[in-house]
Amino acid sequence: MNWTDHESYIEIYPPKEFNFDECLIFLGRSNQEVLHQIKEGSVFKLLKMKGSLILCKIGYTINSIKVVFPISIPTIDARKKVGEYVWEWFDLDQDLGEYYQVASQDKVLRSLAHKYYGLRIMCIPDLFEALVWAIMGQQIHLTFAYTLKQRFVEQFGEFITFEGERFWLFPSFENIASLNVDDLRKLQFTTRKAEYILGIAKEMESGRLTKELLLQKQDVHQVRKSLMLIRGIGAWTADYVMMKCLHQASAFPIADVGLHNALKNLFGHKEKPTIDEIEEYATNWGGWQAYATFYLWRSLYDKKV
DNA sequence: ATCCAGGAACTGT
DNA sequence: ACAGTTCATGGA
């Protein structure tokens, strides 16, 4: 992480290939989002560091991301943790120069890379949140997935109020682990999704499932395998979490419907591509499949309005 | 109405 | 290994 501390605020220096406004467009794609709010070019987000709630206002100045604290100034340790969270959230460890080099040679990616230059995968640094969000999104429209997330967060998460508005935190696995299936069924979760989510919460509560343990695996294949051993996590969810939480640029949720629709639109086809055809398109995406996927998702968001 | 949605587990071959 | 079936609910 490249940053400086100024007590009342912190500054984070992203790599060259970075466009804050592009990232904000992705963050603003749903008006049902409850975990952050965008206002006047900044994004407000509530975080919890070392037990205390910290409201952050994240904006951009000439060449740095500036994080200010509208409610109260956190300790130096907490400020550093906030910086690390933001660094991960915007996927700033990634060397996008390489991706753009790959993209410039590829007829599918070239125009997208130019159009959305500086866009980074907007990550979900918290493993529990990433897994639960992925499971919520399985086999349903995104709008309904957001509805489920909103109910889940507002039922089981913490919040603070600032200037008459509520800012929410995603529920902790400790809280969710003590629930039963009916608690989630009441919010319109299917029995299966409820079981998956409770199972994962318990697995994390036991300490057997942590982000650190996953990142210690020898290679991405091992990470994927151990994720898929967990009930409720298939290939799609494993790849999704690897790209959105574990920063694996080569993760590739190839069965994703959004990816299929994006490719269909891009080529103006009537039918969605088959898996074989997608593999064909992706032959030269080596190592950057997650970014290819994310940029294709981003292209879907243009179509609306 | 009907088909589908940022799938996964289960069952049978 | 592979294909078909079931789960469940709201969106378009």
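Numbered from 1 within each chain, the chains take letters A, B, ... in sequence-line order.
- Here the C1' atom of nucleotide dC4(B) and the CG atom of Asp256(A) are 14 Å apart, to the nearest Å.
- Across the P atoms, dC4(B) and dT5(C) are found 16 Å apart, a figure rounded to whole Å.
- Residue contacts for Tyr196(A): at a heavy-atom cut-off of 4.0 Å it reaches the sugar-phosphate backbone alone, with no base atom in range.
- For the pair Arg192(A) CZ and dC10(B) C1', the computed distance is 7 Å after rounding to whole Å.
- Of the possible donor and acceptor atoms, none in the side chain of Gln37(A) sits under 3.5 Å from a partner among the backbone N and O of Val43(A).
- Counting 5' to 3', DNA chain C first comes under 4.0 angstrom of a heavy atom of chain A and last does so at the ends given by dT6(C) to dG11(C).
- Proximity of Lys272(A) to the phosphate of dA5(B): a side-chain N or O atom is located under 4.0 Å from OP1 or OP2.
- For dT11(B) and dA8(C), the P atoms lie 14 Å apart once the distance is rounded to whole Å.
- Between the Lys149(A) side chain and the Met136(A) main chain, no donor and acceptor come within less than 3.5 Å of each other.
- The NE2 atom of His141(A) sits 10 Å away from the P atom of dG7(B) (whole-angstrom rounding).
- When the P atom of dG7(B) is taken as reference, atom CZ of Phe144(A) falls 14 Å away, rounded to whole Å.
- A cation-pi arrangement is absent between Lys80(A) and Trp3(A) under the rule of less than 6.0 angstrom and at most 45 degrees off the ring axis.
- Taking the six-membered ring where tryptophan is involved, the planes of Phe18(A) and Phe90(A) are perpendicular, since the angle between them exceeds 60° and thus also 30°.
- Two rings, from Tyr295(A) and Tyr99(A), have their centers less than 6.0 Å apart.
- Remark on DNA chain B: of its neighbouring residues Lys244(A) and Arg231(A), the 5'-side contact belongs to Lys244(A), judged by nearest-heavy-atom nucleotide.
- Ring to ring, Phe267(A) and Tyr281(A) are close: their centroids are under 6.0 angstrom apart.
- In the interface, the side chain of Gln139(A) is paired with the base of dA5(B) through a donor and an acceptor atom under 3.5 Å apart.
- Leu148(A) comes within contact range of no nucleotide atom at all, as no heavy-atom separation falls under 4.0 Å.
- Taking every heavy atom of residues 109-120 of chain A and every atom of DNA chain C, no pair lies under 4.0 Å.
- The separation between Glu195(A) atom CD and dC10(B) atom C1' is 13 Å, rounded to whole Å.
- In this structure, the ring of Tyr100(A) has its center less than 6.0 angstrom from the ring center of Tyr117(A).
- Computed from coordinates, the Glu271(A) CD to dC4(B) C1' distance equals 14 Å when rounded to whole Å.
- In this structure, a donor-acceptor pair under 3.5 Å is absent between the side chains of Gln94(A) and His247(A).
- Atom-to-atom, CD1 of Ile230(A) to P of dA9(B) comes out at 10 Å; the value is rounded to the nearest Å.
- If you check every strand for non-hydrogen atoms under 4.0 Å, Ala235(A) touches sugar and phosphate atoms only.
- Atom NE2 of His6(A) is surrounded by more than 12 heavy atoms from other residues, nucleotides or ligands within 6.0 Å.
- Across all strands, Thr237(A) comes closer than 4.0 Å only to sugar-phosphate atoms, never to a base (heavy-atom distances).
- Between Phe26(A) and Phe294(A), the ring center distance clears the sub-6.0 Å criterion.
- Leu131(A) has its CG atom 14 Å from the C1' atom of dA8(B), to the nearest Å.
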